[in-house]
Amino acid sequence: MIDKIFYKKMLSKSFSIPVRVNYWDGDSEQYGEGTPEVTITFKEAVPIKELMRNASIALGEAYMDGRIQIDGSIQKLVKAAYESAESFFYNSKLKRFLPKQSHSEKHSKTDVQSHYDLGNDFYRLWLDPSMTYSCAYFENDNDTLEQAQLNKVHHIIKKLDPQPGKKLLDIGCGWGTLMLTAAKEYDLDVSGITLSEEQYLFVQKRIKEEGLEKRAHIYLEDYRELKKGPFDYITSVGMFEHVGKENLGAYFQTVSNYLSDDGVALIHGITRQQGGAFNGWINQYIFPGGYIPGMTENLQHIIDAGMQIFDMETLRRHYQRTLETWDKNFHDHLDVISEKTDEKFIRMWDLYLQACAASFESGNIDCIQYLISKGPSGRTLPKTRSYIYK
């Protein structure tokens, strides 16, 4: 009885859409007026003590284990929870516990490999052929994911106003599409750095296959330990979300240290306009050590590192569509994925992809590109943005 009272109080104002909740004892409640758009079924009660420790972790685990069933769109449900000011997402009493984090070089390597070294075959099923695992850039509504990822790569490189023969460093280079495009199509001498052995071997193979040994280099090491430089340009896509709140200042200082005088960097990453935040479930199961910094937090670190902002661009809607496309691809290949994984893994990844899409759709998180320079803002760049779109 106490459990039911607690649940009803927690869920009664947690959604901006009408939701039906079926409880473990056969009782049902509807929260919100109108025809329910999503139905949540609790096959058993999640202990109150677990919800009080961290509701995000407790409910996420219950869904992974099949103790909670969701009929309808997970994305719509999570979006509705973010849109309600009285949602359990915003209740500080329901997030007293967060997984312990460490961002030493040893732990950073373990964190990266736990996610990115699940195997290239797994990611190949739902990413585009370029294996780009970050926000795409949809210039046109009918762009495919592959085209949008190529759009993103060129959009980033063009913002640097690259001059042939100069040097570019890609921090957290992923599967190498950006760095190799910069080498082949913009005539740059490129270096990429990653902690993922799967990515390192993949990029190394691509360099050899495409005959780029003299102009492209890949390093398997912590970005803080690279003994190269200076570089005229630096790119870093989806990287600062992994360094940890306590290391953000050092991350931007490292970018500054690697840049030549008047060098230019394009830093692209998930940012919260409302301020930095953790998500307990994602930290526990998807991205160990993850932290989404606030926009003003990043700006202060950029300034403290002796750099200045030349331009900023938000890509929130682009990331929402990217995630929706990834989740569709994921579902399209469930027969293959289920042969090598179990139901818990599938539910975990589906929840991750849809919940993140909802987070972008609701404005809970954003994706921002920071175009920064070492020294006065954009001293070596054209005065207007028109050069980016030529």
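Side-chain atoms are counted along with the backbone in the values below, which use heavy atoms only and exclude waters and symmetry mates.
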Task: More than 12 heavy atoms of other groups within 6.0 Å of Lys390 NZ - done: no

Task: Student check: side-chain heavy atoms of Gln149 and Leu145 closer than 4.5 Å - done: yes

- [ ] Indicate whether any N or O donor in one side chain lies under 3.5 Å from an N or O acceptor in the other, for Asp170 and Thr235.
- [x] yes

Task: Asp121/Arg124 ion pair, N-O < 4.0 Å - done: yes

TODO: Look up atom CD1 in Ile17 and atom CD in Glu37, then write down how far apart they are to the nearest 0.5 Å.
DONE: 4.5 Å

Task: Residue pair Ile309, Leu371: steps toward the side chain to side chain contact (heavy atoms under 4.5 Å, CB included) verdict - done: CA-CA 6 Å; Ile309 291 282; Leu371 183 59; over 6 Å; no

TODO: Would you please say whether a donor-acceptor pair under 3.5 Å links the side chains of Ser134 and Tyr319?
DONE: no

- [ ] Indicate yes or no: does Lys208 engage Glu213 in a salt bridge with an N to O separation below 4.0 Å.
- [x] no

Open item on the list: One thing to verify: whether Arg224 and Asp222 come together as a salt bridge, which I'm taking to mean a side-chain N less than 4.0 angstrom from a carboxylate O.
Closed with: yes

Open item on the list: What I want to check is whether the side chains of Lys166 and Gln163 have a donor and an acceptor closer together than 3.5 Å.
Closed with: no

Task: Heavy-atom pair with the smallest gap, counting every atom of Lys8 and Tyr23 - done: CG-OH, 3.7 Å

- [ ] Using a strict 4.0 Å threshold on nitrogen-to-oxygen distance, state whether Asp366 and Arg272 make a salt bridge.
- [x] no

- [ ] Could you go through the side chain to side chain contact (heavy atoms under 4.5 Å, CB included) check for Tyr219 and Tyr200 one step at a time?
- [x] CA-CA 7 Å; Tyr219 301 96; Tyr200 170 76; 5.8 Å; no

- [ ] Return the minimal non-hydrogen interatomic distance between Pro18 and Gly34, and the atom names on each side.
- [x] CB-O, 3.8 Å

Task: Output field: ring centroids Tyr133/Tyr123 closer than 6.0 Å - done: yes

Open item on the list: Contact between Leu259 and Met307 at the side-chain level, heavy atoms closer than 4.5 Å - yes or no?
Closed with: yes

Open item on the list: Checking Thr384 against Ser386: is there a side-chain donor and acceptor pair closer than 3.5 Å?
Closed with: yes

TODO: Please check if any side-chain donor atom of Ser28 sits under 3.5 Å from a side-chain acceptor atom of Asn22, or the reverse.
DONE: yes

TODO: Could you grab the distance from atom CD of Glu44 to atom CZ of Arg67, nearest 0.5 Å is fine?
DONE: 5.5 Å

Task: Distance, nearest 0.5 Å, that separates CG of Leu127 from CH2 of Trp326 - done: 6.5 Å

Open item on the list: Return the CG to CD distance between Asn247 and Gln253, rounded to the nearest 0.5 Å.
Closed with: 13.0 Å

Task: Ser338 side chain to Asp335 backbone, donor-acceptor under 3.5 Å - done: yes

Open item on the list: If I take atom OG from residue Ser362 and atom CD from residue Gln75, how far apart are they, to the nearest 0.5 angstrom?
Closed with: 9.5 Å

TODO: Heavy atoms only: give me the nearest Lys79-Ala358 pair and the separation to one decimal.
DONE: N-CB, 3.4 Å

Open item on the list: With heavy-atom distances below 4.5 Å as the criterion, would you say the side chains of Leu169 and Leu226 are in contact?
Closed with: yes

Task: Those residues that, when tested against Glu210, pass salt bridge (charged side-chain N to carboxylate O under 4.0 Å, His left out) (two or more places apart) - done: Lys184, Arg206

Result block: side-chain N/O donor-acceptor pairs under 3.5 angstrom for residues 297-306, not counting sequence neighbours:
from   : atom 1 : to     : atom 2 : distance (Å)
Glu297 : OE1    : Tyr291 : OH     : 2.9
Glu297 : OE1    : Gly294 : N      : 3.0
Glu297 : OE2    : Lys245 : NZ     : 3.0
Glu297 : OE2    : Tyr291 : OH     : 3.2
Asn298 : ND2    : Tyr370 : OH     : 3.2
Gln300 : NE2    : Asp304 : OD1    : 2.9

Open item on the list: Within 45 degrees of the ring normal and closer than 6.0 Å to the centroid, is that where the cationic atom of Arg321 sits relative to Phe138?
Closed with: yes

TODO: For Ser191 and Lys228, test the side chains for any donor-to-acceptor distance below 3.5 angstrom and give the result as yes or no.
DONE: no

Open item on the list: Show, in sequence, the C-alpha distance, side-chain angles and deciding distance for Tyr352 and Tyr285, and conclude whether the ring-ring contact (aromatic ring centres under 6.0 Å, His included) test is met.
Closed with: CA-CA 9 Å; Tyr352 155 59; Tyr285 290 98; over 10 Å; no

Open item on the list: Within a 6.0 Å radius of atom CG on Asp261, are there more than 12 heavy atoms belonging to other residues, nucleotides or ligands?
Closed with: no

- [ ] Measure the shortest side-chain to side-chain distance between Gln69 and Asp71 over non-hydrogen atoms and say whether it is less than 4.5 angstrom.
- [x] yes

TODO: Indicate the atoms forming the closest heavy-atom contact of Pro36 with Val19, along with that distance.
DONE: CB-C, 4.4 Å

Open item on the list: How close do Gly290 and Asn283 get, counting heavy atoms only, and between which atoms?
Closed with: O-ND2, 2.9 Å

- [ ] Tell me whether the centres of the aromatic rings in Trp281 and Tyr63 are closer together than 6.0 Å.
- [x] no

TODO: Evaluate the side chain to side chain contact (heavy atoms under 4.5 Å, CB included) criterion for residues Leu220 and Glu197: first the C-alpha distance (whole Å), next the side-chain angles of each, then the deciding distance (0.1 Å), finally the verdict.
DONE: CA-CA 7 Å; Leu220 181 64; Glu197 292 184 11; 3.8 Å; yes

- [ ] May I have the step-by-step check of side-chain hydrogen bond (donor to acceptor under 3.5 Å, both in side chains) for Thr132 and Ser130, ending in yes or no?
- [x] CA-CA 5 Å; Thr132 303; Ser130 71; 2.6 Å; yes

- [ ] Kindly give the heavy-atom pair with the smallest separation between Met179 and His217, and that separation in Å.
- [x] CE-O, 3.4 Å

Task: Side-chain heavy-atom pair Leu168, Ile234 within 4.5 angstrom cut-off - done: no

Open item on the list: Hydrophobic clusters here meaning ILVMFWY residues chained together by side-chain heavy-atom distances under 4.5 Å, can you tell me if Leu77 and Val46 are in one?
Closed with: yes

- [ ] Indicate yes or no: at least one non-hydrogen side-chain atom of Lys328 is less than 4.5 angstrom from one of Leu353.
- [x] no

Task: Full working for side chain to side chain contact (heavy atoms under 4.5 Å, CB included) between Ile270 and Phe360 - done: CA-CA 10 Å; Ile270 301 172; Phe360 281 106; 4.0 Å; yes

Open item on the list: Quick one, Phe15 and Glu83 - any side-chain contact, counting heavy atoms below 4.5 Å?
Closed with: no

Task: Tyr258 ring center near Tyr223 ring center (under 6.0 Å) - done: no

- [ ] Using the rule that two of Ile, Leu, Val, Met, Phe, Trp, Tyr join whenever any of their side-chain heavy atoms come within less than 4.5 Å, decide whether Ile68 and Ile286 are in one cluster.
- [x] yes

Task: Crowding at NZ, Lys167 (>12 non-hydrogen neighbours, <6.0 Å) - done: no

- [ ] Pick out which of His155, Lys159, Gln369 makes a side-chain hydrogen bond (donor to acceptor under 3.5 Å, both in side chains) with His268.
- [x] Gln369

Open item on the list: Rounded to the nearest 0.5 Å, what separates atom CD in Glu61 from atom CG in Leu351?
Closed with: 11.5 Å

Task: Salt bridge Asp311-Arg385, side-chain N to carboxylate O under 4.0 Å - done: yes

Open item on the list: Taking the side chain as everything from C-beta on, heavy atoms only, tell me whether His331 gets closer than 4.5 Å to Asp350.
Closed with: yes

Open item on the list: Could you check whether Trp349 and Phe122 have their ring centres less than 6.0 Å apart?
Closed with: yes

Open item on the list: Please confirm whether the ring centroid of Phe287 lies under 6.0 Å from the ring centroid of Phe278.
Closed with: no

Open item on the list: Aromatic contact between His154 and Tyr186, with the criterion being ring centroids under 6.0 Å apart: yes or no?
Closed with: yes

